[in-house]
Structures are given as structure tokens and as C-alpha cells.
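Single-structure report; data block below.
Worth knowing before you read on, the calculation uses all heavy atoms, side chains too, and leaves out hydrogens, waters and symmetry mates.
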Amino acid sequence: MKYSTEIPKAEIDENGFAKNRGWIKTYLSRNEPPYEYFGATMELLYKGVSVGQYSYIDAPEIPNNDDIAIVRSNGPIQGASY
């Protein structure tokens, strides 16, 4: 197809690298303790590249209580949830 109005979506392999060039929604955390979640963005990935540092492709669970921070809890970052 010569033209398309669709935005290309990146597919991620089992190792976290893009299988193709495209856009992906990522969830951002601060780069210092407590690594609190602060927003989402779209990242353009090229084949063979992973998302940026402190960017994640798994969406955090949003708590019902506004007094609870959302922080990363897996990998090298430790926290309460997300």
C-alpha cells in the first residue's frame, strides 16, 4: 500500500527490543528514589532498540487512594507497587 493514515505500532520481543520501527506508549518514573510514576508518553522505537531508561511498557495500577505513591517494584528499582 502506497499510503496509510495509520500510525505504525512498535512490537516488542521477549527480550524487550523492538521487532519493527513504530510508536509505543510508555510509562515514566523519576530517575531517583523513590522512582515514583509521573506520567505516560509515546516513544518512537527503531528495530532492535528498547525503551528509554526509567520508561516501562507495562501500565501501573492506579490506586483508589490519592495518598499512595505509585513506584516501580520489580527489577533494580524497589517500591510499594507498579
Side-chain angles (χ1 to χ4, degrees):
M1 176 183 297
K2 185 174 179 179
Y3 298 105
S4 175
T5 58
E6 296 299 312
I7 295 172
K9 295 179 183 176
E11 296 178 40
I12 305 298
D13 69 17
E14 63 277 357
N15 297 312
F17 295 100
K19 295 180 184 180
N20 61 295
R21 180 184 172 277
W23 291 90
I24 190 166
K25 186 175 186 179
T26 59
Y27 304 90
L28 309 170
S29 70
R30 302 213 182 274
N31 63 354
E32 57 187 29
Y35 306 104
E36 184 175 359
Y37 165 78
F38 71 92
T41 191
M42 297 295 290
E43 288 189 39
L44 176 60
L45 299 183
Y46 290 88
K47 184 178 179 179
V49 176
S50 65
V51 297
Q53 188 175 17
Y54 304 108
S55 295
Y56 305 90
I57 61 172
D58 57 322
E61 289 186 32
I62 306 298
N64 292 329
N65 185 341
D66 288 339
D67 296 330
I68 297 174
I70 302 171
V71 296
R72 289 297 301 191
S73 63
N74 62 342
I77 300 171
Q78 301 298 314
S81 88
Y82 176 11

Problem - Non-hydrogen atoms of Ala18 and Leu45 that approach each other most closely - result: CB-CB, 4.0 Å
Handout entry: Parallel, tilted or perpendicular: rings of Tyr27 and Tyr37 (30°, 60°)
Key = tilted
Exercise for the section: Indicate, with yes or no, if Met42 and Ile24 share a hydrophobic cluster defined by side-chain heavy-atom contacts under 4.5 Å among Ile, Leu, Val, Met, Phe, Trp and Tyr. Expected result: no
Exercise for the section: Provide the closest heavy-atom pair for Gly16 versus Ser50 in the form atom of the first, atom of the second, distance. Expected result: O-CB, 3.2 Å
Problem - Within residues 8-26 or reaching into it, pairs that qualify as side chain to side chain donor-acceptor pair (under 3.5 Å) - sequence neighbours excluded - result: Thr26-Glu43
Practice task
Return yes when atom CD1 of Ile7 has more than 12 non-hydrogen atoms of other residues, nucleotides or ligands closer than 6.0 Å, and no otherwise.
Solution key: no
Practice task
Might you confirm whether atom CG of Asn64 has over 12 heavy atoms from other residues, nucleotides or ligands at distances under 6.0 Å?
Solution key: no
Exercise for the section: Treating Ile, Leu, Val, Met, Phe, Trp and Tyr as nodes and any side-chain heavy-atom pair under 4.5 angstrom as an edge, say whether Phe17 and Val51 lie in one connected cluster. Expected result: no
Completion exercise
Residues Pro60 and Ile70: closest non-hydrogen pair is CB-CG2, 3.6 Å
